[in-house]
Amino acid sequence: MSPLPRESETAAPPSTLVTAAELNARIRDLWADGQLPDDRRSEYEALVLKWAAALEHVDRAA
């Protein structure tokens, strides 16, 4: 048995998936004025992790 969950166990329902492009747009919005406000840093970090996971998901699907 693999220690990693199968894709079917980790996949979210399609209605809750956010695309890498949507996450990228949200990340860019945070940097709209060329600076990342300190109070938005945790949001930025969470979005970057989700973006990376979305890219990984796309790579596995291809």
>> Filter on side chain to side chain donor-acceptor pair (under 3.5 Å), then keep only pairs touching residues 24-35, sequence neighbours left out; what's left?
In response: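 Every candidate side chain to side chain donor-acceptor pair (under 3.5 Å) pair involving residues 24-35 fails, so no pair, neighbours aside, qualifies.
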> side chain to side chain contact (heavy atoms under 4.5 Å, CB included) with W51: which of L49, L55, L47?
Replying inline: L55
> Excluding sequence neighbours, so at least two apart, what forms side-chain hydrogen bond (donor to acceptor under 3.5 Å, both in side chains) with R40?
Replying inline: E43
> What is the distance from atom OH of Y44 to atom CG of L30, rounded to the nearest 0.5 Å?
Replying inline: 9.0 Å
> Among side-chain atoms of E22 and T19, is any donor-acceptor pair under 3.5 angstrom?
Replying inline: yes
